[in-house]
Amino acid sequence: MSGSILVFWPQTYNKTTGVWSGGPQNLAYLTNDYPKLAAYLQKVLDDLGLSSLWNKLEPVVEGISQSLAALGIPADFDDTFVNIGLGAMLSRFSPSLFQAWSTNNTDFVQAIRALKKYAYRPFNGDLDSGTIDPRTYLFLHDYLNSLNTPGQQGAYVVTWVQNITEDKMYYDFNYKMPFNMNNVDVTVCSNVVYGITAAILADLSGPQEWFDPDVQMIYQNTSDLIAWAISTNFSGRPDLALVYYPSRFNFYWFTSRILNLLTSAPRPLPFDAMDHALASLLDSLRNYATPAIVQSFTFEGDLAYVDDFLGDADHNVFGKLTSLMWSTSIVWYSSFVVVVCNQ
């Protein structure tokens, strides 16, 4: 992709198809010629006198080769708007680094146009914009049903910069959405709202022009969705609401950054949609996220820690549980931002 739309993986250009695609290049180099790789590994095992291991190793190597097809993903709004948030921060604190950033992000508004084109619009009946991953709909359907009134409009941030029509067009070029369908991840939503907020406050590319009524609707609707997810504990299905960021504490942290930007910005805020987002997010973080964070702590004597989803088998060189250290540090940081914003 060009301009300011980013993809997670490094991209390679296929001269035959004329299509750029993203994927893990280190794995691709190993498995592009699977028969040659398999023959080489078998020979190595034979030379070592370990031929019997090939029966166990072959399914692993073959699985890696097959998995590459699933890793050929399109550009995404998560990377795109985290990068935009970075640019906004650099514009405030380092003009020289912002200039360097700008030379590699030549068309910021391209990301805004894509945001409008690919937004999930559940009430319009269109195949491309009105269809969503069933996992998303399962955790969202109560929320959407509560809004489904005659003439209702709505637009929400999605993960992938692609729709169903384009997925079919580029499927054979290994540039496609997982499960060939877009989804809503509320942590991705949080990162996009953060990027938009930061860009407005940094006056990137004249927000009076690009923060038009449609973008304002996406911004406000998505902020309300984030607040609803917090207040309902992700409708009881955090596994579906947080597809790409399984820890809810990451989500709290990312959302608290939006709140920090909005509460510390000069008054009045430039747009009513930002006032709406501030009120909605402040209420949900104060009344729902904060108690959930407090209740997540385990106390042992003078120690307090958070045991999150990562499990308890990972120890570092000092014999400490790295998952506890990671989870606890994320929680402390998000708690600090929320507490400061509550003042």
Query raised in the report: Would L259 and L282 count as a side-chain contact (heavy atoms from CB on, under 4.5 Å) if you check the C-alpha gap in whole Å, the side-chain angles of each, and the deciding distance to 0.1 Å?
Result: CA-CA 7 Å; L259 189 60; L282 181 59; 3.9 Å; yes
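- With rounding to the nearest 0.5 angstrom, the CD1 atom of I230 is 13.0 Å from the CZ atom of R286.
- Between S102 and F108, every side-chain heavy-atom pair lies at or beyond the 4.5 Å cut-off.
- For the atom pair OG (S284) and CG (N287), the distance works out to 8.5 Å, reported to the nearest 0.5 Å.
- By the 30° and 60° cut-offs, the orientation of the rings of Y143 relative to Y156 is perpendicular.
- Between M217 and R121, the closest side-chain pair of non-hydrogen atoms falls below 4.5 Å.
- Cluster membership for Y288 and V294, using ILVMFWY side-chain heavy atoms within less than 4.5 angstrom, is not shared.
- Cluster membership check: I112 does not share its hydrophobic cluster with V82, using side-chain heavy-atom separations under 4.5 Å among Ile, Leu, Val, Met, Phe, Trp and Tyr.
- Screening T263, T255, D224 for a side chain to side chain contact (heavy atoms under 4.5 Å, CB included) with L281, the sole residue that qualifies is T255.
- Contact between P122 and G154 at its shortest, heavy atoms only, is CD-O, 3.8 Å.
- Judged purely by atom type and a 3.5 angstrom limit, T103 uses its side chain to pair as donor or acceptor with the backbone of A100.
- Of all heavy-atom pairs spanning I226 and V193, the tightest one is CD1-CG2, 4.1 Å.
- The CD atom of Q42 sits 12.0 Å away from atom CG of L53, with the distance rounded to the nearest 0.5 Å.
- A distance-only check finds a donor-acceptor pair linking the side chain of N221 to the backbone of A155 [under 3.5 Å].
- The closest donor-acceptor contact from the side chain of S231 to the backbone of A227 lies under 3.5 Å.
- The side-chain heavy atoms of L201 and L261, taken from C-beta on, include a pair separated by under 4.5 Å.
- A salt bridge does not link K117 with D128: none of the charged nitrogens is closer than 4.0 Å to a carboxylate oxygen.
- One distance of note links CG of L45 with CD of E58; it measures 11.0 Å at 0.5 Å rounding.
- At a threshold of 4.5 Å between non-hydrogen side-chain atoms, the residues L269 and R267 count as touching.
- Linking Ile, Leu, Val, Met, Phe, Trp and Tyr whenever their side-chain heavy atoms come within less than 4.5 Å leaves M181 and V158 in two separate clusters.
- Checked by atom type and distance alone, the side chain of N145 pairs as donor or acceptor with a backbone atom of H141 at under 3.5 Å.
- Across every non-hydrogen atom of V186 and A229, the tightest pair is CG1-CB, 4.1 Å.
- Shown here are the side chain to side chain contact (heavy atoms under 4.5 Å, CB included) partners of P74, two or more places apart in sequence or in another chain: W160, Q162, Y175, M177.
- Side chain to side chain, R248 and N233 fail the donor-acceptor criterion of an N or O pair below 3.5 Å.
- With hydrogens and angles disregarded, no donor-acceptor distance shorter than 3.5 Å links the side chain of S190 to the backbone of T187.
- Side-chain contact of Y244 with N183: a donor-acceptor pair under 3.5 Å is present, judged by distance alone.
- Partner of F77 under the side chain to side chain contact (heavy atoms under 4.5 Å, CB included) criterion, chosen from N191, T159, L115, I5: L115.
- Put simply, the side chain of Q216 gets close to the backbone of F211: a donor and an acceptor are under 3.5 Å apart.
- Evaluated for a ring-ring contact (aromatic ring centres under 6.0 Å, His included) with F254, the options Y194, F81, Y245 yield exactly one hit, Y245.
- Scanning both residues, S256 and L285, for their nearest heavy atoms gives CA-CD1, 4.1 Å.
- For the 3.5 Å distance criterion, the side chains of S4 and N83 fail to qualify, holding no donor opposite an acceptor.
- Here the two rings, on Y219 and F271, have centers that are 6.0 Å apart or farther.
- Residues W228 and F123 are members of one and the same hydrophobic cluster, defined by side-chain heavy-atom contacts under 4.5 angstrom among Ile, Leu, Val, Met, Phe, Trp and Tyr.
- Within 6.0 Å of atom CG in D283, more than 12 heavy atoms from other residues, nucleotides or ligands are found, so the atom counts as buried in its surroundings.
- Side-chain contact between V192 and D78 is absent, with no heavy atoms from C-beta onward closer than 4.5 Å.
- Closest approach of Y120 and G130 over heavy atoms only: CE1-O, 3.7 Å.
- Here the CG atom belonging to D142 is positioned 8.0 Å from the OG atom belonging to S146, to the nearest 0.5 angstrom.
- In this structure, the side chain of S91 does not engage the main chain of F98 through any donor-acceptor pair within 3.5 Å.
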Side chains of residues 131-140: which donor-acceptor partners sit under 3.5 Å, not counting sequence neighbours?
| unit_1 | atom_1 | unit_2 | atom_2 | d |
| --- | --- | --- | --- | --- |
| T131 | OG1 | L127 | O | 2.6 |
| D133 | OD1 | R135 | N | 2.8 |
| D133 | OD1 | R135 | NE | 3.2 |
| D133 | OD2 | R135 | NE | 3.2 |
| D133 | OD2 | R135 | NH2 | 2.7 |
| T136 | OG1 | V184 | N | 3.0 |

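- Aromatic rings of F234 and F251 (six-membered ring for Trp) have centroids within the 6.0 Å cut-off, being under it.
- At least one side-chain heavy atom of D47 sits less than 4.5 Å from a side-chain heavy atom of K43.
- Atom OG1 of T298 and atom CD of E300 lie 7.0 Å apart (nearest 0.5 Å).
- Between R113 and D107 there is a salt bridge, since at least one side-chain N of the basic residue sits less than 4.0 Å from a carboxylate O of the acidic one.
- E166 and Y171 share no side-chain donor-acceptor pair at under 3.5 Å.
- At distances below 3.5 Å, at least one donor-acceptor pair connects side-chain atoms of N105 with backbone N or O atoms of W101.
- Side chain of S247 to main chain of F249: a donor-acceptor pair is present (N/O by atom type, distance under 3.5 Å, no hydrogens or angles).
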Requested in this report: Check step by step if side-chain contact (heavy atoms from CB on, under 4.5 Å) holds for S205 and W210.
Outcome: CA-CA 8 Å; S205 301; W210 57 259; 4.1 Å; yes
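- Of the possible polar contacts, none joining the D79 side chain to the A75 backbone as a donor-acceptor pair under 3.5 Å is found.
- Within the 4.5 Å cutoff, the side chain of D76 has no heavy atoms near those of the V188 side chain.
- Between I73 and P178, the closest side-chain pair of non-hydrogen atoms falls below 4.5 Å.
- By the rule that hydrophobic residues join a cluster once side-chain heavy atoms approach within less than 4.5 Å of another member, F179 and V243 end up as members of separate clusters.
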